[in-house]
Each structure stands twice: as structure tokens, then as C-alpha cells.
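Given the structure is predicted, the values throughout are model-derived calculations rather than measurements. Both ligands and their constituent atoms are indexed starting at 1 by order of listing. In this chain, numbering begins with 1 at the start of the sequence shown.
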Amino acid sequence: EKGGYDHFMLKEIHEQPKAITDTYRGRLLRNEALIKMAGIEDNLNKLLNANRIIIVACGTSWHAGLVAEYIFEDLARIPVEVEYASEFRYRNPVITENDVLIAISQSGETADTLAAIKLAKSKGAFVFGVCNVVGSSIARETHAGAYTHAGPEIGVASTKAFTTQVTVLTLMALRLAKAKGSISNSDFHRHLLELELIPQHVENVLKSDSHIKSIANTYKHSNNCLYLGRGYNFPVALEGALKLKEISYIHAEGYPAAEMKHGPIALIDENMPIVVIATKKGHYEKVVSNIQEIKSRKGKIIAIVTQGDTTVKALADHVIEVPETLEALSPLLNTIPLQLLSYHIAVLLGKNVDQPRNLAKSVTVE
Ligand code: M6R
């Protein structure tokens, strides 16, 4: 069942090249310079005329929503708000008929997300679902949607569900950007081209497995870990920290790198590992100066860098290289080493990776 892997989580991490391909198959038509998604085509006007998009989700799916906020605003120029479903449903939110709600859920059964959908529907909003499980409650309760096609995800720690959610949301944003004319034809084409290359890039990142395992071995006894990223990769930092907490029980925090000096910098000493997403596109110079600040306080740096990087390599204690891609697609690659890092730490500590204590695969009670 585990296809030769020790754990479902590892199998699912390795399935990502295929899962991402399955997600864009039939939707990304590069030769025709088209993105075709039935749920979008059928509701194009509603989506294009939306005053704003409200994204609701929980946990890892909420992190995918945060990535989508950057993509939708950047490419499609539609204002986006991302909310924890549990907070949204109970705070008497302002929702109108001109709002579009996107609910993201792997299982399609998360109680708070389902309740947020019902609330938005009762106020007349158009509700779009991004689910993995076909025929799930959320898939049925929404007006339209797009499946992620990741295949079954058994490990409690979500991996391929996340990258395929980001893939679907990227396709949606590109489709809307094209319809709105907020992206040039050449930029649109470039995104299609680069998106098609993502599975082989992920394959490439997966080859760093034993290198990542040795980093995991160095830091497995840490009590804390900080994850930093900026822009598109700030949500990736949050996701990296969540993965580590869930399966290794090591306390971890994700932060926007620039927020470090507003508090968490006080935590940094020679015992603190700090994972920094420092790939070339997107505020690279600023991240480099964040790294220098950490170094001068003796923090241990594990940096995710673009292949061939030399600047960060000279500063960091460890680097993990990922292939170059477009900034909007970089979360799809930068997430992979963070999944492997938490996986290896948890395994080295002898934890139950696939079924961590206190956690359920889908949270059907609030
Ligand atoms: O099935 P859903 O995507 O709605 O689940 C949401 C969260 O419960 C889920 O992502 C949770 O945070 C995972 N354990 C993360 O690895």
C-alpha cells in the first residue's frame, strides 16, 4: 500500500510530481495558450465581476489560501481576503451578493469550512470549492468548484494536497487574469510554460533527500525552530513550521522575514535553527540582509536557495538548492524541502509520522 515507502507521508511527498501533473492535465493547454476549467468557464462573469474574493479554510489549506492571495492579487488584480473558517463564521462578517467565496479543503469535510460556506450562501455570495475528495460535503455544498486530483492522501500531515491546491488556485488566477487582460500574452504563456516544468523541478528537489536527512540529524534535538519567508514564500514558512510541529512535536513558528525584528529576533541564539526561504526571485536582497542579522546573533541558518546561489551559501550553515522558476510558482518548489525536513526529523525521533498524536485527518467537529 505504501508503494515501497516507509510511510504514507513519504510516499505522498514523492507523488507530488505526478499529482501536480494530474492537477493541470486537460486544464493547461499550452499549445492553444489556454486554461480550461469547467467550473470557471461556466461562472466566468460572476468571478470577473466579484468585488473581492474571500478565501476560507483551515490549517494547511489556509496556507494554500494565503499563497493564492498573492497570486490572485498579483496576476488577476482582484482583492482577496483570507480567513480562518472558524473565525470567519463567528464574527458576523460583511458578505454581499457581489462577493465570491473560495473554500479550500482536502477532505471536503472540515466542519468550520462547511459552516463558513453555508453562512456565505445565506448572504447570497457565490461559493466556489477547491477540494480533493470527490463528492465530499464541501464539494456538494458549493455552487461550483475545481477538484485538485491529488489522489487519496492518507498521512495526517498534508503534503500533496497543499501543492495541488496551490496548482489549482494558480490555474484559476491565470485564467481570470487572461480574461481580465491584467496579464500580457507573453507573461501568460511564460507562466504556462514554467508551470508545466514544475513536476520535473519537484523531482529534482526530491533528489536532495539524503542531504536534507543529514540536516535533520543535526537539528533533531532542537526545542524550537523558526521559519522565515517573504511575499509568496511567507505562507510557505508558515506551512513549514506547521509540518514540523505536527509530526515531530518540536515547537516552530513561521514569520514574514521582516517581522523578525519586531519580536522573534529576541529568541535567536546559537541553539536556534532558522529555516530561511531565500530563493532568487522576490525580495532576495532583503532576505540576504535578514540572514546577516541572524548570523550576527549566532543563529543556525538552513537556507532554501536557487541552484547556483553563492551569496547565501557563503552566509548560511546549510543550503538546500531548488531549481529556478517564476516567483508566483516558487511556493510549489520551496515547500518540498520543508516537508522532507520535518519528515526526517520526526522519523529520527521515532515519532508516528502518519498518525501524529492528538490529530485527525479530517476535523469534522468544531
Ligand atoms: O481537509 P482540510 O483541508 O479541510 O483540512 C484542514 C486542516 O485540518 C488540515 O490541513 C490540517 O491542518 C493538516 N493536518 C495539516 O497538515
Sub-3.5 Å N/O-N/O distance, Gln106 and ligand 1: yes
Interfacing atoms of ligand 1 (cut-off 4.0 Å, heavy-atom, Val156): 13 (C), 14 (N), 16 (O)
Per-atom contacts of ligand 1 with Ala157, taking only distances under 4.0 Å to non-hydrogen atoms: 16 (O)
Minimum-distance protein heavy atom relative to atom 13 (C) of ligand 1: Glu246 OE2, 3.4 Å
Charged N-O contact under 4.0 Å between Lys243 and Glu239: yes
Side-chain (Lys180) to main-chain (Ala76) donor-acceptor, under 3.5 angstrom: yes
Under 4.0 Å to a heavy atom of Lys243 - the qualifying atoms of ligand 1, by number: 15 (C), 16 (O)
Identity and separation of the nearest protein heavy atom to atom 8 (O) of ligand 1: Val363 CG2, 4.1 Å
Side-chain ion pair, Lys160 and Glu153, N-O less than 4.0 Å: no
Test: Glu1 and Lys11 ion pair at under 4.0 Å: no
Lys/Arg-Asp/Glu bridge criterion (N-O < 4.0 Å) met for Asp6, Lys2: no
Enumerated ligand 1 atoms positioned under 4.0 Å from heavy atoms of Thr110: 1 (O), 2 (P), 4 (O), 5 (O)
side-chain hydrogen bond (donor to acceptor under 3.5 Å, both in side chains) evaluation trace for Ser362 with Glu109: CA-CA 7 Å; Ser362 69; Glu109 301 298 341; over 6 Å; no
Set of residues satisfying salt bridge (Lys or Arg N to Asp or Glu O under 4.0 Å) with respect to Glu87, sequence neighbours excluded: none
Under-4.0 Å heavy-atom contact with ligand 1, by part of Glu109 that carries it: neither
Protein heavy atom at shortest distance from atom 10 (O) of ligand 1: Thr60 N, 3.0 Å
Ligand 1 versus Lys361: contacting region, heavy-atom distance under 4.0 Å: neither
SB check Asp187 Arg190 (cutoff 4.0 Å): no
Short N or O distance, Ser107 and ligand 1, threshold 3.5 Å exclusive: yes
Lys261: partners by salt bridge (Lys or Arg N to Asp or Glu O under 4.0 Å), with sequence neighbours left out: Glu293
Contact check: Ser61 vs ligand 1, nitrogen or oxygen atoms, below 3.5 angstrom: yes
Sub-4.0 Å heavy-atom approach of Cys58 to ligand 1: yes
